[in-house]
Amino acid sequence: DTIPGCHTKNIFIRIKKWPYALIVLKADKKLDTQLFKLQTGISNFSFASSEEVQDQLGVLPWSIWIFWLINNDIDKDKRVNKWDITLYIDQDVRSSEKAWWHPNINTSTIILTKSWLSDYLYIIKNDYKVIFL
């Protein structure tokens with residue numbers, strides 16, 4: 001824990017069965033569902049089950065992260081592609097100079113600077129919104 005930056009966690013939710021959202025928070029932050037509902041206008045959502053994550057995304061539940069989006073424009077074997085997912089990034093993560101991410105497996109970690117994250121979000125052209133939780 002000597003490397004500076006914020007640790008991140010990713011939460012995959014189902015919104016009225018379809019579509020989906022990926023919420024990125026600081027790892028030590030709890031998702032305030034009421035505040036999330038107020039900021040997004042999404043009132044009916046649930047956390048995706050482990051089976052749903054595996055079926056829809058093709059990854060293990062603890063392996064979801066934002067770089068999944070770059071490799072999944074259209075995957076004929078999966079029901080979901082990146083255009084079906086809205087990305088919500090908490091301001092604490094978005095404004096951090098460095099953020100720690102697990103690259104599709106929770107036994108490894110990479111660090112992205114704020115600039116690299118901005119570049120990535122621009123490249124993928126996926127819808128994303130900054131939230132304040």
Side-chain angles (χ1 to χ4, degrees):
D1 241 348
T2 59
I3 302 172
C6 85
H7 294 258
T8 61
K9 69 178 172 186
N10 302 280
I11 302 169
F12 191 61
I13 63 170
R14 178 182 348 99
I15 305 166
K16 292 184 185 178
K17 304 279 184 201
W18 194 267
Y20 293 93
L22 181 60
I23 303 167
V24 180
L25 298 170
K26 282 181 70 173
D28 61 354
K29 212 173 204 185
K30 184 178 179 193
L31 176 63
D32 182 331
T33 57
Q34 294 306 315
L35 193 53
F36 179 77
K37 289 176 183 181
L38 282 172
Q39 287 188 34
T40 63
I42 298 169
S43 60
N44 189 4
F45 71 89
S46 61
F47 298 95
S49 69
S50 296
E51 294 78 23
E52 189 169 14
V53 170
Q54 288 181 295
D55 290 345
Q56 298 300 327
L57 303 180
V59 297
L60 297 170
W62 54 87
S63 299
I64 302 168
W65 77 314
I66 62 169
F67 283 93
W68 177 88
L69 298 169
I70 202 166
N71 293 322
N72 291 281
D73 283 338
I74 298 174
D75 186 340
K76 303 287 188 226
D77 296 332
K78 304 289 177 264
R79 193 168 151 219
V80 175
N81 66 59
K82 77 175 191 172
W83 306 113
D84 298 320
I85 299 172
T86 301
L87 180 60
Y88 293 95
I89 302 175
D90 185 63
Q91 176 60 23
D92 288 343
V93 174
R94 187 70 180 97
S95 65
S96 179
E97 286 303 317
K98 293 181 180 175
W100 299 32
W101 305 84
H102 291 302
N104 288 351
I105 186 164
N106 65 356
T107 57
S108 298
T109 303
I110 64 167
I111 299 172
L112 292 181
T113 64
K114 185 186 335 187
S115 172
W116 289 350
L117 179 60
S118 292
D119 290 348
Y120 171 73
L121 294 171
Y122 175 77
I123 289 167
I124 65 170
K125 296 185 183 356
N126 213 79
D127 222 7
Y128 83 93
K129 296 170 177 54
V130 177
I131 51 178
F132 299 83
L133 299 175

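Any value given below was found using the heavy atoms of this structure, including those in side chains, with hydrogens, waters and symmetry copies removed.
Closest non-hydrogen pair, R14 versus S46, comes out as NH1-OG, 2.6 Å. Of all the heavy atoms in C6 and D92, the pair that sits closest is SG-O, 4.3 Å. Closest approach of V93 and T8 over heavy atoms only: CG1-CG2, 3.9 Å. Contact detail for Y88 and A21: the closest heavy-atom pair is CE1-CB, 3.7 Å.
Evaluation of the side chain to side chain donor-acceptor pair (under 3.5 Å) rule for E97 yields K114 as partners, not counting sequence neighbours. By the ring-ring contact (aromatic ring centres under 6.0 Å, His included) test, F45 pairs with F36, sequence neighbours left out. For E51, the side chain to side chain contact (heavy atoms under 4.5 Å, CB included) partners two or more places apart in sequence, or in a different chain, are S49.
The hydrophobic clustering, which links ILVMFWY residues whose side-chain heavy atoms are closer than 4.5 Å, places V130 and L38 apart.
In this structure, CG on D28 lies 8.0 Å from NZ on K9, to the nearest 0.5 angstrom. Taken to the nearest 0.5 Å, the CG atom of L87 stands 6.5 Å off from the CD1 atom of I124. In this structure, OG in S95 is found 8.0 Å from CG in D90, a value given to the nearest 0.5 Å. Separating the CG atom in L31 from the CG atom in L25 is a distance of 5.5 Å, to the nearest 0.5 Å. A distance of 11.0 Å separates CD1 in I11 from NZ in K29, rounded to the nearest 0.5 Å. Taken to the nearest 0.5 Å, the CD1 atom of I15 stands 10.0 Å off from the OH atom of Y20.
Proximity of L117 to W101: side-chain heavy atoms (C-beta onward) are separated by under 4.5 Å at one or more points. Side chains of T109 and H7 form no contact here, defined as non-hydrogen atoms less than 4.5 Å apart.
Surrounding NZ of K129 are more than 12 heavy atoms belonging to other residues, nucleotides or ligands, all under 6.0 Å away.
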